[in-house]
**Student:** 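So that we are looking at the same thing, I have put the structure below in structure tokens.
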Amino acid sequence: MNFTRTLLAITISSVLFACGGSDDGGSTPADPSVQSVSVTGKVIDGYIQGAIVYLDLNMNSQLDEGEPTATSDDTGSYSIEVLESLLAQAKLAPIRAYLGEGAVDLDTGEEFKDSPVILSSPPIMDLAVGISPPPMAVTPFTTDLTNRIEETLEEAQAGKADVTQLSVVVDAAKQELASEYGIEDTDVLMGDFLDDANVPTEVVTKLKDVAVKRVDEMQNDYQRQKEADEEAKDGETVKTGSSRESFVEWHTGELLHLLTEWKEVITENEDGSKTIVESGTRYFCDSNYVVKVDGSNNPIAYEVYEVTKYYDGDGGFNSLAKFNIDKNGDGDARFYGQSYRIGSVSEDKLTKRFVEYFDEGNPSDDESSYPSFGRTYDGIDLVAAVKNGDMSAVDMVQKKETSQQFSDNGDIVELYQLWNMTVLLSNQSKRPYQTMQKDAQQL
């Protein structure tokens, strides 16, 4: 799962005055002798006038006093002056654009007073006085990118990851999104995709339509976040969001398009460890990501899941995932399962190596024509079973490694290695990995 996710409520008026926000799309240092650098770009769904754009120095998705800010003008453009004294923070600060009261889509006339949203763009990691950075578009697509890198960005701000590691994650996420949206040029996807002088007309038309729909989804995320904030307990950070994905379903071979709505509850512990509970629902969509509905106009869910992750602060982690999947989309989800991972994360955060234990049913539980592997979902306490060495109800054990590496041409490649697997059938017999090649390809 992927992967702001945070869309928190924002208070603007008093802070704008303190920060020197202006209606002409920029802000200037009080002392002309003070060194600064301009961060410029456009806010785009259509071009957005009246968006509050700011560098989120502390990554709380709120405009705080002292954070550089500006207001987008009647072309959607903004210009933020960043003082030299803030450069160290600014290099790791995402750019946020709050579309609320006073913001208007210049293409459609849509106003955002009653349905606000926050768009984001990744930080400019090489920001420096005397060097003009390239314009930074803030769009639904750059928001998706920022969502996917958020965990690594938080680690970078905490000193647990460096700029090189963050750059690798950013490049990988760009490529993932370009593939998912069917756009070859990542610069177009992450830039001014409405610039018909430099972007092919068919690409402009495609991305403009997708952007409108994605903003609608993000406006829904904003409302869900407000509700989650009200329910959050002391010591918890709650994040919500949505994401799109497409893939070939492992067991049915069908190309799926899914919209995932998720929620994370994060607890930072005094000993440096962290617990994350992520829950969500993934909905069936058509190829344009319009959610499919049943005869009663209710959305059809592909999967409902919950994952509890624990990081010990020293590179070790474990996670327990529980899921219920409707593989044939008939509204009756009967494929149940759970998995427990124990492993480690490399120091550069690019590689995970772990053992995964499964208690799950068969795809044929959902439809008889789907594969059956002779498994039974028992709903056991999987964590306790693994700790006690009780494999009697465990259906499968896999040893895995996932990593990100550079290819020869400089692209980021996601590598997945299944380097050992044991399948337990009918809770009695075991077959080693060497005899499981066919099954491994089906998983």
Side-chain angles (χ1 to χ4, degrees), residues 4 7-28 38-56 61-64 67-82 93-122 124 132-146 188-199 203-205 207-223:
T4 120
L7 296 177
L8 300 179
I10 185 169
T11 302
I12 300 293
S13 56
S14 61
V15 181
L16 278 179
F17 180 80
C19 296
S22 66
D23 292 331
D24 62 0
S27 56
T28 57
S38 296
V39 174
T40 64
K42 290 190 175 184
V43 183
I44 309 171
D45 171 10
Y47 294 119
I48 304 296
Q49 180 179 5
I52 307 302
V53 189
Y54 60 101
L55 297 190
D56 191 5
S61 289
Q62 299 184 55
L63 175 56
D64 298 311
E67 291 183 329
T69 183
T71 303
S72 61
D73 65 17
D74 58 5
T75 67
S77 300
Y78 69 88
S79 179
I80 301 174
E81 291 297 323
V82 182
I95 304 168
R96 311 282 194 200
Y98 174 75
L99 282 59
E101 185 172 3
V104 59
D105 185 325
L106 295 169
D107 290 350
T108 66
E110 178 186 4
E111 298 181 353
F112 295 87
K113 177 182 178 181
D114 297 325
S115 53
V117 65
I118 296 177
L119 303 181
S120 304
S121 190
I124 306 173
S132 297
M136 296 294 292
V138 187
T139 76
F141 308 119
T142 62
T143 303
D144 282 336
L145 174 61
T146 308
V188 169
L189 185 63
M190 297 301 155
D192 182 356
F193 57 86
L194 297 181
D195 181 8
D196 53 13
N198 296 294
V199 180
V203 176
V204 171
T205 301
L207 291 182
K208 185 175 181 179
D209 181 58
V210 174
V212 170
K213 294 176 181 176
R214 193 70 187 100
V215 166
D216 287 344
E217 294 162 3
M218 291 175 179
Q219 288 171 315
N220 180 54
D221 294 340
Y222 187 95
Q223 295 303 319

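Note that the structure is predicted; figures quoted are calculated from it, not measured. We're numbering straight along the sequence, starting at 1.
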**Student:** Could you tell me which residues satisfy salt bridge (charged side-chain N to carboxylate O under 4.0 Å, His left out) with Asp56, sequence neighbours excluded, listed by chain and number?
**Tutor:** Arg96

**Student:** Just wondering, are more than 12 heavy atoms of other shown residues or ligands nearer than 6.0 Å to NZ in Lys208?
**Tutor:** no

**Student:** Does the Ser77 side chain pair with the main chain of Lys42, one donor and one acceptor, at a distance under 3.5 Å?
**Tutor:** no

**Student:** Taking Ile95's backbone N and O only, do any of them form a donor-acceptor pair with Ser121's side chain (distance below 3.5 Å, no angle check)?
**Tutor:** no

**Student:** Quick one: are Ile80 and Thr69 in side-chain contact, heavy atoms under 4.5 Å?
**Tutor:** no

**Student:** Quick check: does any side chain N or O of Thr142 sit under 3.5 Å from a backbone N or O of Met190, one acting as donor and the other as acceptor?
**Tutor:** no

**Student:** Can you give me the closest heavy-atom contact between Leu119 and Thr143, atom names plus distance?
**Tutor:** CA-OG1, 3.3 Å

**Student:** Looking at side-chain heavy atoms only, is the closest gap between Ile44 and Phe141 below 4.5 Å?
**Tutor:** no

**Student:** Checking the side chain of Ser38 only, and the main-chain atoms of Ser79 only, is there a donor and an acceptor separated by less than 3.5 Å?
**Tutor:** no

**Student:** Could you tell me whether the side chain of Asp105 and the main chain of Glu110 form a donor-acceptor pair under 3.5 Å?
**Tutor:** no

**Student:** Atom CD of residue position Glu101 - does it have more than 12 heavy atoms of other residues, nucleotides or ligands inside 6.0 Å?
**Tutor:** no

**Student:** For a quick test of reading the model, state the closest non-hydrogen atom pair linking Ile118 to Ser61 and the distance between them.
**Tutor:** CD1-O, 3.7 Å

**Student:** Search all heavy atoms of Asp195 against all heavy atoms of Tyr47 and return the closest pair with its distance.
**Tutor:** N-OH, 3.9 Å

**Student:** Is the ring pair Tyr98/Tyr222 parallel, tilted or perpendicular, if the boundaries are 30 and 60 degrees?
**Tutor:** tilted

**Student:** Would Tyr54 and Asp64 satisfy side chain to side chain donor-acceptor pair (under 3.5 Å), going step by step from the backbone distance to the final call?
**Tutor:** CA-CA 9 Å; Tyr54 60 101; Asp64 298 311; over 6 Å; no

